[in-house]
Amino acid sequence: MDKQFRVKLIVKRAPTLAAISWLKQSWVIFMQAPMTWLLMFITIGAIALVGQLHPLAAVISILLNPFLTAGVYKSVVMLQQKQPITFTDLFKPLSESDCRAVFLRIAALNVLASIPLSSLAMTLMQQHEAQQSVDALMLMLFVVSFLVSWMVFAYAVAIAYFLKEFRILAIIKASFIACWRNIVPLVVFGLLSLLLIMLTMPTLFIGLLLVVPVLNIAFFLSFNEFFALQVKATDDGVLEI
């Protein structure tokens, strides 16, 4: 009898200074279509800004976010494959039905996770505004909760879209493991990102128009480096992490 195959998801460890390579590659990818990238990220920023104006707009913005993120990532892959990209590629995932349900679940779960974080942040802000001493335990809880939340969603869209994993628990587990195993290169990436953002201060942050697309492209390149797929003969057909 022919054996079925089990797809085993492998999360690799990147070198400590891998972030430098991601940023260099990102700049090359950005310069292949700079105006298209600028228009894409201006649109994403505008949608996020409109989402701050009304609760209904906020819901729409949150639900759109995974689709727009996938559109950005898909555009990166197209350029890597020497294919041209256009502004409308940002919205292509909206018409792809296979990932629609999982993207909506990711967005909904992200909203649920943000509720206690927002509550903690508001409490800490109120303590600060009242000139009270900030509760150290509450501050630590907020920082830890924020980091865990970021880790479980960091690669969720990319895992669902490119690896075709639609089980939400498997997605967030894989994302968390990828971040945990590569915490050092990600910290280096974070520090370099902060440095680049600070360098835009003399331009009144207008330089963010360049920095934000480059950082987002670079972050997707980290996904490319962290994840690999192996096919292993077995008696079942289960995606393992």
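Side chains included, hydrogens not; waters and symmetry mates left out as well; all remaining heavy atoms used.
Annotation: the span from L117 atom CG to L141 atom CG amounts to 8.5 Å, rounded to 0.5 Å. Rounding to the nearest 0.5 angstrom, the gap separating the CD atom in E165 from the SG atom in C99 is 11.0 Å. Atom CG of L38 and atom CZ of F87 lie 12.0 Å apart (nearest 0.5 Å). Interatomic distance, CD of Q25 versus CG of L221, reported as 5.5 Å (0.5 Å rounding). Rounding to the nearest 0.5 angstrom, the gap separating the CZ atom in F103 from the CG atom in L63 is 12.5 Å. The line from CG of L64 to CG of L104 is 9.5 Å long, rounded to the nearest 0.5 Å.
Looking at T200 and I206, their side chains never come closer than 4.5 Å, going by heavy atoms from C-beta outward. W22 places a side-chain heavy atom less than 4.5 Å from the side chain of P185. When side chains are defined from C-beta on, F142 counts as touching L124, because their heavy atoms get closer than 4.5 Å. A heavy-atom distance below 4.5 Å is found between the side chains of L215 and L23. Side-chain contact between W150 and L186 is present, with at least one heavy-atom pair separated by less than 4.5 Å. Counting only heavy atoms from C-beta outward, the side chains of L39 and M35 never approach each other to under 4.5 Å. No side-chain heavy atom of K74 sits less than 4.5 Å from a side-chain heavy atom of D89. Side-chain contact between F223 and I159: present, with at least one pair of heavy atoms (C-beta onward) separated by less than 4.5 Å.
In terms of modelled atom types and a separation under 3.5 Å, the side chain of T123 and the main chain of S119 share a donor-acceptor contact.
Taking the six-membered ring for Trp and the full ring otherwise, F30 and F41 have centroids separated by 6.0 Å or more.
In this structure, V152 and S149 approach most closely via the heavy-atom pair CG2-O, 3.2 Å. Closest non-hydrogen pair, I47 versus S61, comes out as O-OG, 3.7 Å. Considering all non-hydrogen atoms of both residues, I85 and S75 come closest at CG2-O, 3.6 Å. In terms of heavy-atom proximity, E96 sits nearest to Y161 at OE1-OH, 2.8 Å. Minimum interatomic distance between S175 and A156 (heavy atoms only, all atoms of both residues): OG-N, 4.0 Å. For the residue pair A178 and V11, the shortest heavy atom distance occurs at CA-CG1, 3.4 Å.
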Side chain to side chain donor-acceptor pair (under 3.5 Å), that's the test. Do S222 and Y155 meet it? Break it down for me. CA-CA 9 Å; S222 72; Y155 297 103; 2.7 Å; yes
Checking V77 against Q80 for the side-chain contact (heavy atoms from CB on, under 4.5 Å) test, could you report, in this order, the C-alpha distance in whole Å, the side-chain angles of both residues, the deciding distance, and whether it holds? CA-CA 5 Å; V77 172; Q80 287 177 319; 4.1 Å; yes
Please walk me through it: do T43 and F91 pass side-chain contact (heavy atoms from CB on, under 4.5 Å)? CA-CA 11 Å; T43 301; F91 303 98; 4.0 Å; yes
Stepwise side-chain contact (heavy atoms from CB on, under 4.5 Å) check, F67 with L90: CA-CA 8 Å; F67 296 92; L90 178 66; over 6 Å; no
Assess the residue pair N216 and T69 against the criterion (side-chain contact (heavy atoms from CB on, under 4.5 Å)); give the C-alpha distance rounded to whole Å, side-chain angles, the decisive distance to 0.1 Å, and a yes or no. CA-CA 9 Å; N216 276 270; T69 301; over 6 Å; no
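With sequence neighbours excluded, no residue forms a side chain to side chain donor-acceptor pair (under 3.5 Å) with W37.
Taking the six-membered ring where the residue is Trp, F162 and Y73 present tilted rings, their angle falling between 30° and 60°.
No continuous path of hydrophobic side-chain contacts links M122 to L120 [ILVMFWY only; heavy atoms under 4.5 Å]. Hydrophobic clustering keeps I44 apart from I62 (ILVMFWY residues linked when any side-chain heavy atoms are closer than 4.5 Å, directly or through intermediates). Cluster annotation: V59 is not connected to V50 through the hydrophobic network of ILVMFWY side chains, with a link wherever side-chain heavy atoms come within less than 4.5 Å. Linking Ile, Leu, Val, Met, Phe, Trp and Tyr whenever their side-chain heavy atoms come within less than 4.5 Å leaves L191 and L199 in two separate clusters. Residues L49 and L208 are members of separate hydrophobic clusters, defined by side-chain heavy-atom contacts under 4.5 angstrom among Ile, Leu, Val, Met, Phe, Trp and Tyr.
Pairs of residues two or more places apart, or lying in two chains, that qualify as side-chain hydrogen bond (donor to acceptor under 3.5 Å, both in side chains) and include a residue from residues 98-117 are D98-K164.
In F146, the CZ atom is not crowded: 12 or fewer heavy atoms of neighbouring residues, nucleotides or ligands sit closer than 6.0 Å.
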